[in-house]
Amino acid sequence: MAVNDGAVMKAWAKDQGTEGGLLKLYGDPGSEVTRALGLVLDHPGVMAVLGNPRCKRFSLLVVDGRVRVVNIAAAADDPSGDDRPEVALVDKMVADLEALAAEATQA
C-alpha cells in the first residue's frame, strides 16, 4: 500500500512484475487507511523532499482478518525508515510467520 492513486499502483505493479501474482499493491490516495493505521509519515525533513504526507514503511501480518504483527521501519532518528528497511521486509515477515506457527503448535 502506498499513498498513490490506482493508476500509479497499477504501473508500479507492472514494473515490479507483481501483476497477477500473490502480492497485491493497493493505493491509498486520500491516506484514509494510512491515517487509520497511525502510519502517516509527515516529518518535516521528509516533507521537505516529498512535499506531502506519505505512509511509513511497514508490514502487517493479518490472520483471519485480525492484525497479528505490525512492523514499522521508522524510528525517531530515521523517520522514513531508510536506515533499517529490513524491519518491514520479507525476511522479517517470514520470521514472524514462523513465530506464529510455533506459537500455534504450543497452544
Side-chain angles (χ1 to χ4, degrees):
M1 181 189 77
V3 179
N4 285 312
D5 63 38
V8 169
M9 298 307 288
K10 185 174 181 176
W12 195 17
K14 183 176 182 179
D15 178 71
Q16 296 300 305
T18 65
E19 278 186 315
L22 180 63
L23 181 66
K24 305 293 182 202
L25 304 183
Y26 294 97
D28 184 24
S31 296
E32 290 91 354
V33 176
T34 300
R35 279 194 303 278
L37 291 170
L39 294 171
V40 175
L41 175 57
D42 58 2
H43 184 275
V46 176
M47 294 282 289
V49 175
L50 298 176
N52 59 312
R54 298 294 180 156
C55 185
K56 293 179 182 178
R57 181 174 288 140
F58 76 101
S59 60
L60 279 178
L61 176 54
V62 181
V63 179
D64 296 328
R66 183 173 155 220
V67 175
R68 299 295 306 268
V69 177
V70 179
N71 299 312
I72 303 170
D77 63 338
D78 179 28
S80 64
D82 289 341
D83 293 338
R84 294 186 321 276
E86 65 278 0
V87 170
L89 294 178
V90 68
D91 289 339
K92 175 67 170 104
M93 189 57 58
V94 168
D96 293 337
L97 284 164
E98 290 170 346
L100 273 179
E103 181 182 298
T105 60
Q106 294 175 357

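Shown here is Lys24, whose NZ atom has more than 12 heavy atoms of other residues, nucleotides or ligands within 6.0 Å. A 6.0 Å sphere centred on CG of Asn52 holds more than 12 heavy atoms belonging to other residues, nucleotides or ligands.
Between atom OG of residue Ser80 and atom CZ of residue Arg54 there is a gap of 12.5 Å, rounded to the nearest 0.5 Å. A distance of 6.0 Å separates CG of Leu37 from CG of Leu60, quoted to the nearest 0.5 Å. Lys92 contributes atom NZ, which lies 10.0 Å from atom CG of Leu97 (distance to the nearest 0.5 angstrom).
Cluster annotation: Leu89 is not connected to Val94 through the hydrophobic network of ILVMFWY side chains, with a link wherever side-chain heavy atoms come within less than 4.5 Å. No continuous path of ILVMFWY side-chain contacts below 4.5 Å connects Val90 to Leu23, so the two sit in separate hydrophobic clusters. Under a hydrophobic clustering in which Ile, Leu, Val, Met, Phe, Trp and Tyr are joined whenever their side-chain heavy atoms come within less than 4.5 Å, directly or via other members, Ile72 and Met1 fall into the same cluster. Cluster annotation: Phe58 is not connected to Val87 through the hydrophobic network of ILVMFWY side chains, with a link wherever side-chain heavy atoms come within less than 4.5 Å. Hydrophobic cluster membership is shared by Met93 and Val63, with clusters built from Ile, Leu, Val, Met, Phe, Trp and Tyr side chains linked at under 4.5 angstrom.
A donor-acceptor contact shorter than 3.5 Å links the side chain of Asp5 to the backbone of Ala7. Between the Arg57 side chain and the Pro85 main chain, no donor and acceptor come within less than 3.5 Å of each other. At least one donor-acceptor pair under 3.5 Å links the side chain of Asp78 to the backbone N or O of Asp83.
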Can you list, pair by pair, the side-chain donor-acceptor contacts under 3.5 Å of residues 100-107, counting residues two or more places apart and other chains?
| unit_1 | atom_1 | unit_2 | atom_2 | d |
| --- | --- | --- | --- | --- |
| Glu103 | OE2 | Arg68 | NH2 | 3.0 |
| Thr105 | OG1 | Ala102 | O | 2.8 |

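Heavy atoms only, all atoms of each residue included: Val3 and Thr34 are closest at CG2-OG1, 3.7 Å. Taking all atoms of both residues into account, the shortest heavy-atom contact from Pro79 to Ala74 is O-CB, 3.2 Å. What you find for Met9 and Tyr26 is that their closest heavy atoms are CE-O, 3.2 Å.
Under the 4.5 Å side-chain criterion, counting only non-hydrogen atoms from C-beta, Pro53 is in contact with Met47.
A salt bridge does not link Arg35 to Asp28: none of the charged nitrogens lies less than 4.0 Å from a carboxylate oxygen.
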- Item | Arg66 and Asp64: CA distance, side-chain angles, deciding distance, side-chain contact (heavy atoms from CB on, under 4.5 Å) verdict | CA-CA 6 Å; Arg66 183 173 155 220; Asp64 296 328; 5.6 Å; no

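Under the side-chain contact (heavy atoms from CB on, under 4.5 Å) test applied with Cys55, the options Leu39, Val40, Asn4, Leu41 reduce to a single match, Leu39.
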